[in-house]
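Working notes for the structure below.
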Amino acid sequence: MTHPTHIRRDHTGDRPLLLDLFCCAGGAGRGYDRAGFAVTGVDIRPRPNYPFTFIHGDALTVLADLIASGEIRRYSVIHASPPCQKRCALTVGTNRSRGWGGEHVDLVAPTRELLDASGLPYVIEQPDGKADVRKDITLCGEQFGLGVLRHRNFELGGWSTAKPKHLKHRGRVRGWRHGEYRDGPYVAAYGAGGGKATVPEMQQAMGIDWTDVREELTEAIPPAYSEWLGRAFLARTTVVAVAA
């Protein structure tokens, strides 16, 4: 499939439109907004804290409807963070040891299929683990001077950019490990107890101030990640358009 490489501006306003699927509270959306996009988020759960235009619904159904109606052509690029808890490094070991996992879904493959059908460039985001995504870009909080490590992998569809250097970590993630407490410059922004970060600590560490819901914070990516991706996308497509 041939993917477009120019920025469409066949919509109201000066900013290219970005569709933020499985948007949760808007960590990715905030970064893309800072990069220069107008953002529309989609999530199956109500997200009253989401700071941009929001569609309440199943992300894949909404995407399929946009493709069928042709409305998808209003957008320039799609970001998707499909759930894949059964393959996440933070959960796969616990799930196996306790016999869990049956209730978790892996939506990466069906998401990619629809993204390819859209004809638009896209980003699929996943945490470290066994999710079936290309690790075209891997980002870490240390690359942005953040108080979390929060490694995230990104598969780029229909576009590419240079992979940034993964910087050496400055120390450990603070918390209890195997009965031993260890301090460090990073907080654990997931779960609760065991020295995990408080809500204010997670907000500060990730640069998120518009939600104080723990579940939303533990699922969010720091906006610095998607801002970096958004700026890389805009820089690349601008260069391609000028060259054409």
Side-chain angles (χ1 to χ4, degrees), residues 5-9 11 13-43 47 49-54 59 75-82 115 120-128 133-167 169 186-187 189 201-212 216-241:
T5 55
H6 65 285
I7 299 296
R8 294 180 185 79
R9 297 189 181 275
H11 51 76
D14 296 329
R15 291 180 158 214
L17 286 176
L18 179 139
L19 188 62
D20 180 15
L21 299 176
F22 311 97
C23 66
C24 194
R30 176 67 79 186
Y32 286 119
D33 170 71
R34 292 174 182 168
F37 291 90
V39 179
T40 296
V42 183
D43 203 277
R47 298 292 183 181
N49 293 319
Y50 191 76
F52 309 108
T53 301
F54 178 75
Y75 295 89
S76 299
V77 61
I78 305 172
H79 174 98
S81 298
L115 291 172
L120 295 181
Y122 60 80
V123 176
I124 300 176
E125 176 265 328
Q126 285 290 288
D128 266 354
V133 294
R134 293 192 316 270
K135 298 179 181 180
D136 297 324
I137 298 292
T138 298
L139 297 178
C140 163
E142 182 59 28
Q143 294 165 307
F144 304 96
L146 300 178
V148 291
L149 291 178
R150 187 141 289 199
H151 297 98
R152 288 295 184 270
N153 301 309
F154 300 89
E155 178 178 322
L156 309 182
W159 69 289
S160 63
T161 191
K163 195 169 188 174
K165 182 179 180 180
H166 189 178
L167 301 180
H169 300 163
Y186 312 106
V187 298
E201 285 176 331
M202 285 191 283
Q203 290 175 311
Q204 181 176 5
M206 291 191 288
I208 295 176
D209 60 5
W210 62 91
T211 179
D212 59 1
E216 292 182 341
L217 289 165
T218 59
E219 293 183 2
I221 69 169
Y225 293 12
S226 49
E227 181 177 359
W228 187 93
L229 288 163
R231 292 186 184 279
F233 177 81
L234 291 173
R236 179 195 179 279
T237 50
T238 298
V239 169
V240 170

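Positions are given from 1 along the sequence. Excluded from the calculations below are hydrogen atoms, water molecules and symmetry mates; all remaining heavy atoms, backbone and side chain alike, are included. What you see is a predicted model; the values in this text were computed from it and never measured.
With values rounded to the nearest 0.5 angstrom, Ile221 atom CD1 is found 8.0 Å from Leu139 atom CG. Atom NE2 in His151 sits 3.0 Å away from atom NE2 in His169 (nearest 0.5 Å). The line from CZ of Arg134 to CG of Leu156 is 7.0 Å long, rounded to the nearest 0.5 Å. Put simply, OG1 on Thr138 and NZ on Lys163 are 4.0 Å apart, with the number rounded to the nearest 0.5 Å. Within the model, atoms CD1 of Ile208 and CE of Met202 stand 9.5 Å from one another, a figure rounded to the nearest 0.5 Å.
Remark: side-chain polar atoms of Arg15 are paired, donor with acceptor, to backbone N or O of Asp33 under 3.5 angstrom. Arg30 contributes no side-chain N or O that, together with a main-chain N or O of Ala25, makes up a donor-acceptor pair within less than 3.5 Å. Judged by distance alone, with hydrogens and angles left aside, the side-chain atoms of Gln143 form a donor-acceptor pair with the main-chain N or O of Lys165 at under 3.5 Å. Distance alone, capped at 3.5 Å, places no donor-acceptor pair between the Glu142 side chain and the Leu149 backbone. Remark: side-chain polar atoms of Gln126 are paired, donor with acceptor, to backbone N or O of Pro82 under 3.5 angstrom.
With a 4.5 Å cut-off on side-chain heavy atoms, Leu18 and Phe233 do not count as touching. In this structure the side chain of Phe52 never reaches within 4.5 angstrom of the side chain of Asp20, judged on heavy atoms. Contact of the Phe37 side chain with the Val77 side chain is registered, since non-hydrogen atoms from C-beta on lie closer than 4.5 Å. In this structure, Tyr225 and Arg150 have side chains that are in contact, with non-hydrogen atoms separated by less than 4.5 Å.
In this structure, Arg236 fails the cation-pi test against Trp159, since its NZ or CZ atom is not both closer than 6.0 Å to the six-membered ring centre and inside 45 degrees of the ring normal.
Using cut-offs of 30° and 60° for the angle between ring planes, the Phe154 and His79 rings count as tilted.
Counted within 6.0 Å of CD on Gln204, heavy atoms from surrounding residues, nucleotides or ligands total 12 or fewer; the atom is thus considered open.
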